K.L.:
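This is the structure I have questions about; it appears just below.
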Amino acid sequence: MNVIMGTLGISKYNIITIEQVDSTNKYALENFSTFDDKTVIFTKDQTMGRGRYNRKWVCDDSENLYASIILKPQNTEDFPFANLTQYLSTIICKCLKNEFKINAEIKWPNDILINGYKISGILAESKMQNGKITGIILGFGININLKQETLDKIDQKATSLSVLLDKTFNPENILNLICDEFFKNYDDFINEGFKFIKSEYLANCNFLGKKITIKESDKKNEYFALSIDDDGLLIVKNEIDEECRIITGDIYVK
Ligand code: BTN
């Protein structure tokens with residue numbers, strides 16, 4: 001196990017690198033009590049990655065980025081738990097745009113797409129004790145070197161950096177960029193919540209002003225996407241022109 005200490009400003013964080021693991025989220029949850037706040041579990045080889053709604057997060061024999069950020073806030077009362085994935089999606093978008101000059105966009109609440117093809121996903125899981133949240137595991141995967149033949153087996157449109165840009169990349173360098181950026185403004189985000197990222201998040205959204213479908217229970221409902229409110233909820237208009245707010249779900253953009 002390789003432990004690296006990030007030393008950016010006052011927001012120090014640790015990266016623990018594991019050669020191979022079933023799921024960085026599962027590992028972080030199972031060993032939660034042994035880690036400090038702001039510890040990042042990282043692997044390039046994750047064998048049983050999990051996604052939202054019990055989906056699988058695919059890997060192959062190429063080196064990719066699978067990581068889980070462990071957060072143990074001291075004050076959980078006003079902590080913006082619900083917006084953490086949106087904060088991370090804004091950071092990933094920014095790093096991909098700046099570093100690789102690609103048009104990364106957010107599909108609410110936190111998928112990252114390039115030209116409609118998913119390149120990154122985020123899964124937050126909470127650690128509970130006596131009915132209270134004691135911490136959050138913020139897992140994210142980025143398709144860095146995933147091969148086209150692997151992408152073809154995924155049940156939604158997906159891409160990777162190497163397919164897009166026709167070369168291989170070092171996942172560690174990209175992880176460092178993202179962690180530095182994540183912790184740089186982390187305290188401001190905790191204090192202000194979604195409002196801190198709202199304008200940047202909105203600028204990255206690829207579905208506002210469009211017809212969307214949302215899967216709710218077993219039904220797919222049609223909406224028109226209007227905006228995002230100050231709490232990060234999606235504001236839509238339904239088929240009879242009523243405005244509603246969506247808390248969570250999977251959206252499909254037409
Ligand atoms: C999704 O889009 O459904 C979320 C995917 C999250 C995948 C990451 S990879 C690292 C971390 N460990 C897991 O098992 N899942 C998350």
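This one's a predicted model, so the numbers in the text were calculated from it and none came from an experiment. Each ligand, and each atom within it, is numbered from 1 in the order the structure gives. Only this structure's heavy atoms are used, side chains among them; waters, hydrogens and symmetry mates stay out.
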K.L.:
Checking the side chain of Asn110 only, and the main-chain atoms of Thr85 only, is there a donor and an acceptor separated by less than 3.5 Å?
P.N.:
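Not a single qualifying donor-acceptor pair exists.
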
K.L.:
Is it the case that ligand 1 has an N or O less than 3.5 angstrom from some N or O of Ser68?
P.N.:
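No.
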
K.L.:
Applying ring-ring contact (aromatic ring centres under 6.0 Å, His included), name anything that partners Tyr201, two or more places apart in sequence or on another chain.
P.N.:
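ring-ring contact (aromatic ring centres under 6.0 Å, His included) check on Tyr201 returns Phe194.
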
K.L.:
I'd like to check which ligand 1 atoms, numbered from 1 as shown, lie under 4.0 Å from a non-hydrogen atom of Gly49.
P.N.:
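The list of qualifying atoms is 14 (O).
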
K.L.:
Do Leu71 and Leu84 touch side chain to side chain, with heavy atoms closer than 4.5 Å?
P.N.:
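In short, these two side chains touch, coming nearer than 4.5 Å.
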
K.L.:
Could you tell me the residue and atom name of the protein heavy atom closest to atom 3 (O) of ligand 1, and the distance to it rounded to 0.1 Å?
P.N.:
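Of the protein heavy atoms, Arg52 N, 2.7 Å lies nearest.
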
K.L.:
Between the side chains of Asp230 and Lys198, is the shortest nitrogen-to-carboxylate-oxygen separation below 4.0 Å, so that they form an ion pair?
P.N.:
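Salt bridge flag = yes for Asp230 with Lys198.
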
K.L.:
Which atoms from ligand 1 have a heavy atom of Ala67 less than 4.0 Å away?
P.N.:
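By the 4.0 Å cutoff, the relevant atoms are 10 (C), 11 (C).
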
K.L.:
Determine whether any heavy atom of Lys118 lies closer than 4.0 Å to an atom of ligand 1.
P.N.:
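Distance cut 4.0 Å: Lys118 passes for ligand 1.
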
K.L.:
List ligand 1 atoms under 4.0 Å from Trp57, heavy atoms only on the residue side.
P.N.:
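Listed by number with element, the hits are 2 (O), 5 (C), 7 (C), 9 (S).
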
K.L.:
Charged N to carboxylate O below 4.0 Å: is that the case for Glu19 and Lys44?
P.N.:
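No, Glu19 and Lys44 are not salt-bridged.
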
K.L.:
Quick check against the 3.5 Å criterion: does Ser120 have a side-chain atom that pairs as donor or acceptor with the backbone of Ile142?
P.N.:
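The answer is no, because no donor-acceptor pair under 3.5 Å joins these two groups.
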
K.L.:
For residues 221-228, tabulate all N or O donor-acceptor pairs below 3.5 Å that involve a side-chain atom, not counting sequence neighbours.
P.N.:
from	atom 1	to	atom 2	distance (Å)
Asn221	OD1	Lys219	NZ	3.3
Asn221	ND2	Glu216	OE1	2.6
Glu222	OE1	Lys254	NZ	2.9
Glu222	OE2	Thr213	OG1	3.4
Glu222	OE2	Lys254	NZ	3.2
Tyr223	OH	Glu216	OE1	3.0
Tyr223	OH	Glu216	OE2	3.4

K.L.:
Among all protein non-hydrogen atoms, which one is nearest to atom 11 (C) of ligand 1, and what is the separation to 0.1 Å?
P.N.:
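Going by distance alone, atom 11 (C) of ligand 1 is nearest to Thr24 OG1, 3.2 Å.
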
K.L.:
With under 30° as parallel and over 60° as perpendicular, where do the rings of Phe35 and Tyr27 fit, or are they tilted in between?
P.N.:
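The arrangement is tilted - the two ring planes meet at 30° to 60°.
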
K.L.:
Tell me which one of Lys107, Met48, Arg50, Gln46 gets a heavy atom nearest to atom 12 (N) of ligand 1.
P.N.:
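Shortest heavy-atom distance from atom 12 (N) of ligand 1: Gln46.
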
K.L.:
Which of the atoms in ligand 1, numbered in the order shown and given with their element, are less than 4.0 Å from a heavy-atom of Gly141?
P.N.:
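Heavy-atom distances to Gly141 below 4.0 Å select 8 (C), 9 (S).
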
K.L.:
For ligand 1, which atoms have a heavy atom of Ile122 less than 4.0 angstrom away?
P.N.:
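Within the 4.0 Å cut-off of Ile122, ligand 1 contributes 2 (O), 4 (C).
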
K.L.:
Polar contacts were defined as any N/O atom of the residue lying under 3.5 Å from an N/O atom of the ligand; does this apply to Ser23 and ligand 1?
P.N.:
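N/O-N/O distance under 3.5 Å: yes.
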
K.L.:
Does at least one non-hydrogen atom of Arg55 fall below 4.0 angstrom from an atom of ligand 1?
P.N.:
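No, that is not the case, since the closest heavy atom of the residue is not under 4.0 Å from the ligand.
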
K.L.:
Is the distance between the ring centroids of Phe189 and Tyr186 under 6.0 Å?
P.N.:
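Between Tyr186 and Phe189, which both carry aromatic rings, the centre distance is not below 6.0 Å.
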
K.L.:
Report the part of Phe140 in contact with ligand 1, treating N, CA, C, O as backbone and CB onward as side chain, heavy atoms under 4.0 Å; options are side chain, backbone, both, neither.
P.N.:
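Near ligand 1, Phe140 shows its backbone, while the atoms from C-beta on stay back.
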
K.L.:
Which is it for Tyr66 and Phe140 under the ring pair (Phe, Tyr, Trp, His ring centres under 6.0 Å) test, yes or no, and what are the steps along the way?
P.N.:
CA-CA 6 Å; Tyr66 310 99; Phe140 64 101; 10.0 Å; no

K.L.:
Below a 4.0 angstrom heavy-atom separation, can you tell me which part of Lys26, side chain or backbone, both or neither, approaches ligand 1?
P.N.:
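No part of Lys26 comes within reach of ligand 1.
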
K.L.:
What atoms in ligand 1 come closer than 4.0 Å to a heavy atom of Gly51?
P.N.:
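The atoms of ligand 1 under 4.0 Å from a heavy atom of Gly51 are 1 (C), 3 (O), 4 (C), 5 (C).
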
